[in-house]
Amino acid sequence: SVTAPPPGPGPDQGSAGAKQDRAPRSRAAAEVTAPVKATQEAKPAKVAMRTSVKVQSSPRPLPPEVANIEPVPSYARSATKTSKVETAAFQSPRSAVATSPQSAQPTRKYRTRSAFPTSAGASPSTGASPKPRTRSVDAGSENSAFHTVPVFWATNRVPEASPKAEPQSEYQPVSFGSDRADGLTKGLALVTIPNIERDTGVIPRPKIFTFFGFTIYREKESREKHFTIRSLVRMDDSDFLKLAAANLDRARDFKGHCFVYVHGYRNTFDNAIYRAAQIAEDMGFDGNAFVYSWPSQGNFAGYIADRDAVDASQPHFQRFLRFINDETTCEQVHVLAHSMGTRLVVDAFFPPSGAGALNDLGNVGQIVLASPDIDASILKSRAEAIRQSPRTVTLYANGRDDALQWSKKAAAGFVRAGDVVDGKPIVIEGIDTIDLTPMSDATWVFIGANHNEYAERAHILQDIALLMKHGVRPPTKRFPVY
């Protein structure tokens, strides 16, 4: 077990030195004016999907890969009419980080919630401390006010056709509720991120004010100010694999790397897509970002229903991970699970008895459990399976995680695996436990305070990035400040 120190003064503490330029990486740009040649060798899908909803198959040959479909303002609740996408499906081509003062392109500054500590350890690849990064914005681009991050997704939620979907379109925009489907639906979301100054982990969305359940004000959605879902389409396995391979082929920093994000309790499908895009953006991850969205109710009252939904989603989640491992071009598949979503991952890889159903997946690399909402005694009971597993597991705990405190109360006081009791986080052989308590502020006002530190602290995102990219363990070798 290692403990993260308190961060240096952040921008909310009034320190000018806490503001830093950061480098959200450009996302992949798939060339869409011709068929994707780089992926002709992609293996065909072997998994037969079963679903209670008829899913439209994508046409043959592919149209200009999602580029000519209408964006989906109805799904993203955009108030702005947008013409057909005139550029590539993946907004901007990958470009090297702009660090040269001779660069003629303007750069945007980004503010991070906590700067990297000055004592932060050296990067295994460079021997130097992590440096702030900046995004180079193409001054000649029509859409220089925002850029697009591709997020590939799968879900066992019941899909619902968008009210503005065109019946004759093979690529159907979709939205998802909390109903459980009998099978998987896969697809691609293009998330726009504004090129504005933004705190690490912050996902700006339109403000909504309600009064006794009635909406009295709803801010208009703008791609220049908010995260938006530019388009969201479902695909068959073949097209899913082709686009995923084309995107991964353009990766530079995380060549061959993919991560699968599994969200937690009280998350809608939209929430999961936005969070995965934010993590990839703020982590500088230019590999493939995948999301598995299980059918959470998306509200406070749905806690018990969400626990049942996690258990019901187990076979679908395993099928999707096996599909990513066996069929995609990912050389390393990392799993990042949060809160109640960690139950899905733990049961899949470390079952109560017998070998894990996914132990034979040779491409699965790091497993990260962030603020796991699992009974600590249940995780301890899996110690033998964890010890024998070839997987590397990292657990981020926090004694000031208010969401886990409420979960503990709902569970008759039984400690959660992501909690820290009397200054002692859970320690199990085979798991690297990192205590984030010192870098979190004590709170008393909110149910969800400090529950998303893994995605909202620049230092922690950098730690996860180094773990995924280099696999360096123990954590003190990544950052001696632990």
Exercise. Show the numbers, then the answer: is there a side chain to side chain contact (heavy atoms under 4.5 Å, CB included) between Phe349 and Val364?
Key: CA-CA 11 Å; Phe349 286 96; Val364 174; 4.0 Å; yes

Quiz item: Salt-bridged, Asp286 to Arg252, with N to O below 4.0 Å?
Solution: no

Exercise. Mark yes or no for whether Asn450, through its side chain, and Arg400, through its backbone, hold a donor-acceptor pair below 3.5 Å.
Key: yes

Exercise. Without swapping roles, check the side chain of Glu219 against the backbone of Pro206 for a donor-acceptor pair under 3.5 Å.
Key: no

Quiz item: Is any side-chain heavy atom of Leu344 closer than 4.5 Å to a side-chain heavy atom of Tyr292?
Solution: yes

Practice problem: Mind telling me whether His263 and Trp294 have parallel, tilted or perpendicular rings, with 30° and 60° as the class edges? | Solution: parallel

Quiz prompt | Validation row: Pro194, His226 side chains within 4.5 angstrom (heavy atoms) | solution = no

Practice problem: Check the angle between the aromatic planes of His257 and Phe254 and answer parallel, tilted or perpendicular using the 30° and 60° thresholds. | Solution: perpendicular

Exercise. Carefully, step by step, assess Asn156 and Ser313 under the rule side-chain hydrogen bond (donor to acceptor under 3.5 Å, both in side chains).
Key: CA-CA 7 Å; Asn156 60 312; Ser313 301; 3.0 Å; yes

Quiz item: Are any non-hydrogen side-chain atoms of Val368 and His334 less than 4.5 angstrom apart?
Solution: no

Quiz item: Is there a donor-acceptor contact under 3.5 Å linking the side chains of Ser440 and Glu453?
Solution: yes

Self-check item: Polar side-chain atom of Lys255 near backbone of Asp249 as donor-acceptor pair, under 3.5 Å
Solution: yes

Quiz item: Are the side chain of Arg180 and the backbone N or O of Pro295 linked by a donor-acceptor pair below 3.5 Å?
Solution: no

Quiz item: Taking Gln366 for the side chain and Thr394 for the main chain, is one N or O donor matched with an acceptor at less than 3.5 Å?
Solution: no

Exercise. Indicate the ring-plane relationship of Trp153 and Phe176, choosing parallel, tilted or perpendicular according to the 30° and 60° boundaries.
Key: perpendicular

Quiz item: Do Asp435 and Thr437 meet the criterion of a side-chain donor-acceptor pair at a distance under 3.5 Å?
Solution: yes

Practice problem: Indicate yes or no: does Asp237 engage Lys186 in a salt bridge with an N to O separation below 4.0 Å. | Solution: yes

Quiz item: Does NZ or CZ of Arg223 come closer than 6.0 Å to the centre of the six-membered ring of Phe146, within 45° of the ring's axis?
Solution: yes

Quiz item: Measuring from Ile460:CD1 to Leu436:CG, what's the distance to the nearest 0.5 Å?
Solution: 4.5 Å

Self-check item: Side-chain (Asn363) to main-chain (Val333) donor-acceptor, under 3.5 angstrom
Solution: no

Practice problem: Only one of Asp401, Asn398, Asp402 passes side chain to side chain donor-acceptor pair (under 3.5 Å) with His451; say which it is. | Solution: Asp401

Quiz item: Just by modelled atom types, is the Phe300 backbone N or O under 3.5 Å from a matching donor or acceptor in the Tyr265 side chain?
Solution: yes

Practice problem: For the residue pair Phe290 and Phe152, categorise the inter-ring angle as parallel (less than 30°), tilted (30 to 60°) or perpendicular (more than 60°). | Solution: tilted

Quiz item: Mind checking whether Glu281 and His147 have side chains closer than 4.5 Å, heavy atoms only?
Solution: yes

Self-check item: Exam field: side chain Arg457 to backbone Met439, donor-acceptor pair closer than 3.5 Å
Solution: yes

Quiz prompt | Qualifying residue for salt bridge (charged side-chain N to carboxylate O under 4.0 Å, His left out) with Arg343, from Asp375, Asp373, Asp311 | solution = Asp311

Quiz item: Side chains of Ile386 and Leu379: does their closest heavy-atom pair fall under 4.5 Å?
Solution: yes

Quiz item: Does any non-hydrogen side-chain atom of Leu466 lie less than 4.5 Å from one of Val472?
Solution: no

Quiz item: Under 3.5 Å, side chain of Arg205 to main-chain N/O of Phe227, donor-acceptor pair present?
Solution: yes

Exercise. Report yes if some heavy atom in the side chain of Asp463 is under 4.5 Å from a heavy atom in the side chain of Tyr396; otherwise report no.
Key: yes

Quiz item: Ignoring hydrogens and geometry, is there a side-chain-to-backbone donor-acceptor pair from Arg391 to Asn359 under 3.5 Å?
Solution: yes

Quiz item: Is it true that the side chains of Ser296 and Asn267 contain a donor and an acceptor less than 3.5 Å apart?
Solution: no

Quiz item: Are any of the side-chain nitrogens in Arg322 or Asp360 under 4.0 Å away from the carboxylate oxygens of its partner?
Solution: yes

